[in-house]
Amino acid sequence: MPELPEVEVVRLGLEKGVAGRTIAKVDVHHDRAVRRHTAGARDFADLLRGRTVLAARRRGKYLWLPLDSGDALTGHLGMSGQLLVVPASKPIEAHLRIRFAFTDEGRELRFVDQRTFGGLQVVAAGAELPSTIAHIARDPLDPEFDDEQFVRRLRAKTSGVKRALLDQTLVSGIGNIYADEALWRAELHGGRPTELVTKPKARELLSHARDVLTESLAQGGTSFDALYVSTEGVSGLFERSLHAYGREGEPCDRCGTPIRREAWMNRSSYSCPRCQPRPRYPR
DNA sequence: ACCCACCCCTGGGCGC
DNA sequence: TGCGCCCAGGGGTGGG
């Protein structure tokens, strides 16, 4: 569930807490956390030992740390991943997967992940953009995001508009929460066929998505429980600003109609039945 | 080329 | 009390 704002909060914490420091030791406690590093946990640790972290970067929900070797320590938090910067003396977390110590013997970096959908890998020559995430589109907060290309590609799809918002090769960083919030603001039902969304409406939807991501980031992101936190273990406050997501039965902030929950692709969608009527032929 | 169903995983909550 | 089921859900993969 960490989406763009939550991942950006983590990136800022990594920049502050880890950039400029040199890795002394890497302990992989759970192999699944490095499953994308096909050469294995040993190789993962070998490539990192002695390397200095140059910066912390992000595209959509992916993070990477460019290293002085030219490689990049790349990761995705999945649904429950945390990157914590904590004193080495702090007791080990129940779901600690990888532990990084630094040569300055200061606070260490820990990758903690209950559901193990997340993971880290070292990508060769990945400093500028790791090859493993090159297929991911820019996100709406990226200055080089091309709005008109998004509008064109959205309308060229034969799918539903919510599916399109969640397609990370079209626009990245948006997950279930912010998709529902952007659709509520745009007064669009997620099942609306993409080819029937007019150009102005597509632009408006993108603009709402950008706004909701920006507003959430300013609040430190959304934290439904202790799983979604910064590198300092702090939860965000945007949950209180949500209009649709998780509000089944509560009155719509625009018209007062109770928010509905619909089963959708093995998960849930929240919307206002009046402001966001179901299309005749939903996708 | 594109779309979509399926699968990976754990723990909290709830019904029986 | 305890068991089993459902739910949270991002993204890679493979089938259509």
Side-chain angles (χ1 to χ4, degrees), chain A residues 1-8 10 28-38 58-64 74-83 93-98 111-121 123 130-139 150 152-183 190-197 209 213 221-229 235-236 239 242 244-249 261-270 281-283:
Chain A
M1 193 162 346
E3 305 179 30
L4 188 153
E6 296 77 33
V7 178
E8 175 63 10
V10 171
V28 177
H29 291 242
H30 196 307
D31 282 343
R32 191 171 149 77
V34 292
R35 66 193 181 283
R36 303 268 171 229
H37 192 91
T38 48
R58 182 188 58 73
R59 174 175 285 202
K61 304 170 194 171
Y62 281 89
L63 290 164
W64 72 97
T74 307
H76 194 290
L77 301 176
M79 292 187 33
S80 56
Q82 305 173 336
L83 283 164
E93 293 79 3
H95 304 290
L96 176 66
R97 306 303 185 196
I98 310 175
F111 179 61
V112 177
D113 188 12
Q114 180 199 101
R115 294 174 204 166
T116 72
F117 278 36
L120 304 182
Q121 63 181 156
V123 180
S131 56
T132 49
I133 61 174
H135 63 292
I136 299 295
R138 291 182 189 275
D139 59 67
F150 167 82
R152 255 194 326 276
R153 291 188 57 204
L154 177 92
R155 287 160 42 84
K157 279 178 161 293
T158 54
S159 186
V161 66
K162 179 165 176 178
R163 278 188 147 90
L165 280 181
L166 295 179
D167 179 351
Q168 304 295 303
T169 67
L170 179 65
V171 53
S172 69
I174 300 172
N176 205 31
I177 297 175
Y178 299 113
D180 279 2
E181 292 303 302
L183 290 165
R192 177 80 61 94
T194 45
E195 66 269 37
L196 300 183
V197 177
L213 294 171
T222 303
S223 308
F224 283 105
D225 55 42
L227 289 183
Y228 316 114
V229 296
S235 294
E239 184 185 356
L242 297 176
Y245 188 85
R247 297 195 62 231
E248 183 181 18
R261 177 162 78 106
E262 294 172 288
W264 183 81
M265 285 181 68
N266 281 332
R267 59 191 79 169
S268 296
S269 283
Y270 298 87
Y281 303 106
R283 289 246 181 75

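Chain letters run A, B, ... following the sequence lines, proteins first, then strands; residues in each count from 1.
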Give a yes or no on whether the backbone of [Y] and the side-chain of [X] come within a donor-acceptor separation of less than 3.5 Å.
X	Y	answer
A/Arg283	A/Val161	no
A/Thr194	A/Lys157	yes
A/Arg32	A/Thr116	yes
A/Gln168	A/Leu166	yes
A/Arg97	A/Asp113	yes
A/Gln121	A/Arg36	yes

d([atom1], [X]; [atom2], [N]) in whole Å:
X	N	atom1	atom2	result
A/Glu195	B/dC2	CD	P	15 Å
A/His37	C/dG12	NE2	P	17 Å
A/Leu77	C/dG11	CG	C1'	13 Å
A/Ile177	C/dC7	CD1	P	18 Å
A/His135	C/dT13	NE2	C1'	11 Å
A/Ile133	C/dG10	CD1	P	17 Å
A/Leu4	C/dG10	CG	P	13 Å
A/Arg58	C/dG10	CZ	P	16 Å

Taking all atoms of both residues into account, what is the closest heavy-atom pair of [X] and [Y], and its distance?
X	Y	value
A/Gly78	A/Pro2	O-CD, 3.3 Å
A/Glu3	A/Ile174	OE1-C, 3.8 Å
A/Arg247	A/Leu242	CD-O, 3.3 Å
A/Gln82	A/Leu77	N-CD2, 4.3 Å
A/Arg153	A/Thr169	NH1-O, 3.0 Å

Legend entry - Strand contacts (DNA chain B) in residues 154-173 of chain A, 4.0 angstrom heavy-atom criterion: A/Lys157, A/Thr158, A/Ser159, A/Arg163
Inset, instruction - May I ask you to say what A/Arg261 touches in the nucleic acid, namely base, sugar-phosphate or nothing, with a heavy-atom cut-off under 4.0 Å? - result: sugar-phosphate
Output yes when at least one side-chain N/O atom of [X] is less than 4.0 Å from OP1 or OP2 of [N], else no.
X	N	value
A/Ser268	C/dA8	yes
A/Tyr62	C/dG12	yes
A/His76	C/dG10	no

Between protein and nucleic acid, restricted to nucleotides 6-10 of chain B and to nitrogen or oxygen atoms under 3.5 Å apart, what atom pairs and distances do you find?
unit_1	atom_1	unit_2	atom_2	d
B/dC8	O3'	A/Arg32	NH1	3.4

Inset, instruction - Please report how far the helix from B/dC2-C/dG16 to B/dC16-C/dG2 bends, comparing the axis fitted to its first five pairs with the axis fitted to its last five, to the nearest 10 degrees. - result: 50°
Inset, instruction - Could you tell me whether the side chain of A/Leu63 reaches within less than 4.5 Å of the side chain of A/Leu83, counting heavy atoms only? - result: yes
